[in-house]
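Numbers for residues simply follow the sequence, beginning at 1.
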Amino acid sequence: MAMTISELARSAAVGVETVRFYQRKGLLDDPRPARTGREGRRHYGPDDLRRLRFVRSAQGAGFTLSEIAELLALDAGHDRPRARQMAKARLEAIDQEIARLETARQSLRKLARECAKGDAGPCPIIAAFEN
């Protein structure tokens, strides 16, 4: 099933410019225009859609574009140990971010309780962020 760039983008719920951006970054192939049917149109297949969806999912997991490029290269080279190592490092970074967010949540809860104690005087929330 051949798709145009707009069909590919729509199937992956991204914009055409996103597809072009990933092509410029080397994450997606930029196929030659087909010489049959509609003259000069590039056509994409199921593998392109799978790869585009992978890139979007990996970005959603917090991988950088260079890390995604490495993961794609590892997949082609079948280097599972390195891919596992990258996934573990990403999990560790996510865990650290969750811990940071939990601390921020606790601080904001405390400040909200302090703020609720009265309406007079400076707001403890604003004062806390000024420091």
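- Between Glu67 and Gly62, the closest heavy-atom pair is OE1-O, 4.2 Å.
- The CE atom of Met86 lies 5.5 Å from the CZ atom of Phe63; values are rounded to the nearest 0.5 Å.
- How far CG of Leu28 is from CZ of Phe54: 11.0 Å, rounded to the nearest 0.5 Å.
- Closest approach of Ala83 to Leu74, counting heavy atoms only: N-CD1, 3.7 Å.
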Show the atom names and distances, to 0.1 Å, of all donor-acceptor pairs under 3.5 Å that link a side chain in residues 112-124 to residues at least two apart or in another chain.
unit_1 : atom_1 : unit_2 : atom_2 : d
Glu114 : OE2    : Lys117 : NZ     : 3.1

**Request:** Determine, stepwise, if the pair Asp48 / Arg51 fulfils side-chain contact (heavy atoms from CB on, under 4.5 Å).
**Result:** CA-CA 5 Å; Asp48 298 304; Arg51 190 172 178 118; 5.7 Å; no
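- For the atom pair CG (Leu71) and CG (Asp79), the distance works out to 10.5 Å, reported to the nearest 0.5 Å.
- In this structure, the separation between CG on Leu101 and CD on Glu97 is 4.5 Å, given to the nearest 0.5 Å.
- Considering only residues two or more places apart in sequence or on other chains, Lys88 meets the side-chain hydrogen bond (donor to acceptor under 3.5 Å, both in side chains) condition with none of them.
- Ser66 meets the side-chain hydrogen bond (donor to acceptor under 3.5 Å, both in side chains) test with Thr64; sequence neighbours excluded.
- Listed by chain and number, the residues in a side-chain hydrogen bond (donor to acceptor under 3.5 Å, both in side chains) with Asp30 are Arg42 (sequence neighbours excluded).
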Throw together a table of side-chain donor-acceptor distances under 3.5 angstrom for residues 17-26, partners on residues two or more places apart or in other chains.
unit_1 : atom_1 : unit_2 : atom_2 : d
Glu17  : OE2    : Arg20  : NH1    : 2.9
Tyr22  : OH     : Arg56  : NH1    : 3.1
Tyr22  : OH     : Gln59  : OE1    : 2.3
Gln23  : NE2    : Asp29  : O      : 3.0
Gln23  : NE2    : Tyr44  : OH     : 2.7

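- Residues Ala61 and Arg90 share a closest heavy-atom pair of O-NE, 2.8 Å.
- In this view, Arg10 satisfies the side-chain hydrogen bond (donor to acceptor under 3.5 Å, both in side chains) rule with no residue, not counting sequence neighbours.
- Listed here is the closest heavy atom pair of Ile68 and Val55: CD1-O, 3.7 Å.
- Checked by atom type and distance alone, the side chain of Gln106 never pairs as donor or acceptor with a backbone atom of Thr103 at under 3.5 Å.
- Donor-acceptor pairing under 3.5 Å is recorded for the side chains of Arg82 and Gln85.
- Closest non-hydrogen pair, Met3 versus Ser11, comes out as SD-OG, 4.0 Å.
- At a threshold of 4.5 Å between non-hydrogen side-chain atoms, the residues Arg84 and Pro81 count as touching.
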